[in-house]
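Worksheet: the structure to be examined is printed underneath.
First the proteins, then the strands, lettered A, B, ... as listed; each starts at 1. When reading the values below, keep in mind they use all heavy atoms of this one structure, side chains included, and skip hydrogens, waters and symmetry mates.
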Number of protein chains: 4
Amino acid sequence: MEQWMEELLLADGDETKMTEKQAKILEAAIAVFAEKGFASSSTNEIAQRAGVAEGTIFRHYKTKKDLLLSIVAPTLAKFIAPFVLRDFNQIFDAEYNSYEELLRAIIVNRIEFLNKHKRVLKILVQEIPFHPDLQEQMKKFVLAKVLERFGVIIAKFKASGQLADLPVATIVRLTASGIVSYVLLYVYNQSLDKRQKSVQWDEDGEREATIRFIMKGLAP
Amino acid sequence: MEQWMEELLLADGDETKMTEKQAKILEAAIAVFAEKGFASSSTNEIAQRAGVAEGTIFRHYKTKKDLLLSIVAPTLAKFIAPFVLRDFNQIFDAEYNSYEELLRAIIVNRIEFLNKHKRVLKILVQEIPFHPDLQEQMKKFVLAKVLERFGVIIAKFKASGQLADLPVATIVRLTASGIVSYVLLYVYNQSLDKRQKSVQWDEDGEREATIRFIMKGLAP
Amino acid sequence: MEQWMEELLLADGDETKMTEKQAKILEAAIAVFAEKGFASSSTNEIAQRAGVAEGTIFRHYKTKKDLLLSIVAPTLAKFIAPFVLRDFNQIFDAEYNSYEELLRAIIVNRIEFLNKHKRVLKILVQEIPFHPDLQEQMKKFVLAKVLERFGVIIAKFKASGQLADLPVATIVRLTASGIVSYVLLYVYNQSLDKRQKSVQWDEDGEREATIRFIMKGLAP
Amino acid sequence: MEQWMEELLLADGDETKMTEKQAKILEAAIAVFAEKGFASSSTNEIAQRAGVAEGTIFRHYKTKKDLLLSIVAPTLAKFIAPFVLRDFNQIFDAEYNSYEELLRAIIVNRIEFLNKHKRVLKILVQEIPFHPDLQEQMKKFVLAKVLERFGVIIAKFKASGQLADLPVATIVRLTASGIVSYVLLYVYNQSLDKRQKSVQWDEDGEREATIRFIMKGLAP
DNA sequence: GATGAATGAGCTTTCATTCAT
DNA sequence: GATGAATGAAAGCTCATTCAT
């Protein structure tokens with residue numbers, strides 16, 4: 001499994017295998033899928049936006065669904081990468097003195113990730129309910145891996161008396177719900193154009209409020 | 001506006017205006033839309049499941065999108081009913097001695113609502129990103145009304161020193177994120193069949209943990 | 001099975017179930033398939049010749065292959081009808097004083113049949129090698145039924161000393177090969193236009209020669 | 001014409017003119033055409049089975065039809081070789097004392113030929129109805145040559161009182177129909193696997209029956 | 001009101017063929 | 001010679017919508 005992961009990550013990082021047109025197709029497909037949803041997107045429109053003949057799409061991706069998966073799978077892989085690949089980045093390997101420090105790190109890291117993969121994540125979220133195979137992978141890899149990895153760290157903080165004595169899954173759920181609500185607010189803010197800045201949230205204030213909320217909520 | 005609301009609510013509660021066929025069409029459409037998504041559903045399949053001719057659908061709903069809206073609108077209306085219709089139900093009109101009591105009332109109320117409208121809510125959530133008109137209504141009515149109504153109550157609890165001194169929107173956001181994560185867990189639990197009960201969450205425990213989490217998190 | 005047969009035969013005889021357009025589609029499909037072969041025929045051309053929108057074809061026949069089968073199946077059924085349906089016609093129920101009489105009756109009957117279903121039979125013969133399901137049905141029903149029915153009659157002629165003492169299957173094979181070669185000659189003759197009548201065979205002469213050939217060849 | 005024939009025959013026997021790839025393409029094309037029919041075969045599949053790039057096919061054969069012809073033509077040439085090329089083989093050049101001897105020789109020879117070229121002959125038979133140019137060549141060369149050559153021999157046997165006084169074409173037709181029905185039976189037998197040997201015909205018995213049938217049928 | 005046959009635009013997909021490398 | 005990416009025309013098929021009955 002980890003081999004498959006690493007391959008996916010490399011294959012995608014090392015995009016030399018792709019022809020120029022193929023890259024354009026992917027880019028166009030991401031844009032169109034994110035904009036209209038998978039089912040409402042036509043391969044014709046994708047081809048046009050990619051500046052490619054429609055047939056070219058099907059030379060690289062056997063079906064439209066194949067195209068979807070080839071977009072969504074690598075991102076899914078990258079999503080769990082931090083959790084399955086040792087020393088992939090510093091989130092879990094750095095020593096954190098407090099749960100708060102960890103929270104801050106995660107928020108920064110996830111916002112960065114979200115920003116980078118916004119459109120693909122939108123597609124993923126939209127399509128998961130209709131593709132049982134994606135659901136399966138999500139549950140099997142992502143959820144399982146995240147819980148497993150977090151478990152170790154949270155146990156440490158629980159032992160040192162920084163966190164309430166709740167099941168790991170519960171702590172993860174409550175932490176995640178807080179973070180997710182903040183991150184969504186953050187990207188929502190970004191989606192507003194200049195003129196609408198008046199209705200924006202105060203990002204810094206909300207971040208601090210969120211962190212304090214979680215810390216207090218999970219205090220022993 | 002409130003008139004329109006009341007009409008919607010009545011029209012739907014009092015389903016005598018609908019022919020039997022029309023009701024069957026709605027029911028079938030909800031089932032199919034929830035299962036496959038709006039764009040991937042065919043009016044043909046809806047007609048078959050409803051046991052009517054395809055043409056009959058278009059006698060009642062000018063277009064396929066019309067059908068979607070006539071499904072989604074009443075549920076949206078009911079969703080905000082407690083917030084816009086005085087004495088529609090007891091949530092806000094009862095006097096709550098503590099924020100915790102309010103939380104418990106909301107959880108019960110929302111779970112009930114979600115259970116009753118699960119499929120339509122799924123459709124709504126799926127389709128909102130692709131229908132700007134729905135988004136507009138959502139923001140204008142739902143969000144605005146909910147915040148407005150909540151504002152009054154939260155102000156009271158803040159004044160009496162039960163809640164931290166945070167913006168109302170922030171308190172709503174953090175409260176909502178906690179409740180949503182619990183409610184989703186609750187319905188997820190229900191979707192598991194008997195054999196999978198072993199992987200279930202402990203509902204009661206999670207509910208209590210969630211309430212305590214929110215209360216502690218929002219304490220002054 | 002015989003029930004299924006009778007249904008097929010009736011369904012086809014009683015073509016009132018078909019809309020006018022559907023009949024036109026069948027007629028056009030038979031023409032085009034016979035002319036170009038199944039794989040080289042386009043539903044587009046069939047639609048045009050039928051004076052129908054292309055979509056109409058697929059309202060009546062789910063796939064192009066479905067259309068093929070709905071053409072070929074009834075003819076296949078009619079082909080074996082004389083052998084499975086008692087008193088369907090007079091071939092086997094009349095008393096034949098000699099094998100020669102039987103031969104003459106068959107030739108007349110088969111030429112008539114061939115003339116009536118020339119195009120469909122061409123399609124059938126062309127497509128059988130590529131559709132194992134058709135092959136199966138052919139072997140199971142047609143061959144089996146024909147041999148069985150013939151067996152009884154041939155046994156009678158063998159017993160009365162009119163035919164050589166050969167296996168029934170062998171007699172059928174040799175008889176059939178002779179008849180087939182004559183019948184093909186006959187339809188080939190018809191396919192020639194007036195100007196080419198000079199290269200025609202002498203039908204009557206060939207028929208008599210064929211019958212004498214078979215009779216002498218199978219004499220005891 | 002005979003020069004063209006000889007060239008064809010040599011070119012194919014002496015396959016040194018073909019590159020290895022070209023040979024593989026031909027072999028693959030024969031396999032695929034025989035399996036699926038010409039129209040249903042894709043150059044893509046042929047290329048894959050041949051282990052070459054799709055473009056390579058078109059380097060050697062201008063069009064897909066060209067490929068078909070380059071498969072079918074040499075076999076057609078070989079088919080008439082015994083009839084047009086003096087001392088090509090022994091069938092007609094040996095002196096036959098009886099028509100029966102000739103029959104036996106032809107059967108052996110044709111079974112051998114059929115076995116060697118089974119797939120190509122299947123392709124040829126399948127495609128002839130849809131390619132008027134092939135039909136033309138068939139009639140002009142094959143039929144004409146065969147009849148002409150046979151005519152001489154049959155005239156001899158008629159003169160010596162071994163055969164009935166029928167037109168040469170008729171004798172050829174009746175003889176051919178008998179032989180063909182036997183040869184088809186023979187190859188059908190071969191196509192059955194071990195387990196099905198019980199349903200086989202008795203080859204030797206059928207061959208003798210067929211020969212006796214023809215001899216008796218054509219006796220004066 | 002209800003039907004369902006018919007439509008035609010548009011969908012995904014296939015394919016023989018071309019051509020720069 | 002050989003490749004395989006690219007093409008675009010055409011294939012089979014789907015679908016929301018219309019309309020005569």
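A:Gln22 comes within 4.0 angstrom of nothing in the nucleic acid, heavy atoms only. The residue B:Ser42 sits close only to the backbone: its heavy atoms come under 4.0 Å of sugar-phosphate atoms, none of a base. When heavy atoms are screened at a 4.0 angstrom cut-off, A:Ser41 is found touching the sugar-phosphate backbone but no base atom.
C:Phe38 places its CZ atom 14 Å from the P atom of F:dA11, with the value rounded to the nearest Å. Computed from coordinates, the C:Glu20 CD to E:dA6 P distance equals 9 Å when rounded to whole Å.
Nucleotide F:dT3 forms a Watson-Crick or G-U wobble pair with E:dA20, both donor-acceptor distances falling under 3.5 Å.
Rounding to the nearest 0.5 Å gives a distance of 10.0 Å between NE2 of D:His117 and CD1 of D:Ile30.
For D:Arg119 and D:Glu27, the salt-bridge test passes: some basic side-chain N is under 4.0 Å from an acidic carboxylate O.
Out of F:dA6, F:dG1, F:dA16, the shortest distance to the side chain of B:Phe58 is found at F:dA16. Side-chain atoms of B:Lys64 lie closest to F:dT17 of the nucleotides F:dT7, F:dT17, E:dT13. For A:His60, counting side-chain heavy atoms from C-beta on, the closest listed nucleotide (F:dA6, F:dA2, F:dG12) is F:dA6.
Under 4.0 angstrom from either OP1 or OP2 of E:dT12 there lies no side-chain N or O belonging to A:Lys62. Contact between the side-chain N/O atoms of A:Lys21 and the OP1/OP2 oxygens of F:dT7 is found at a separation under 4.0 Å.
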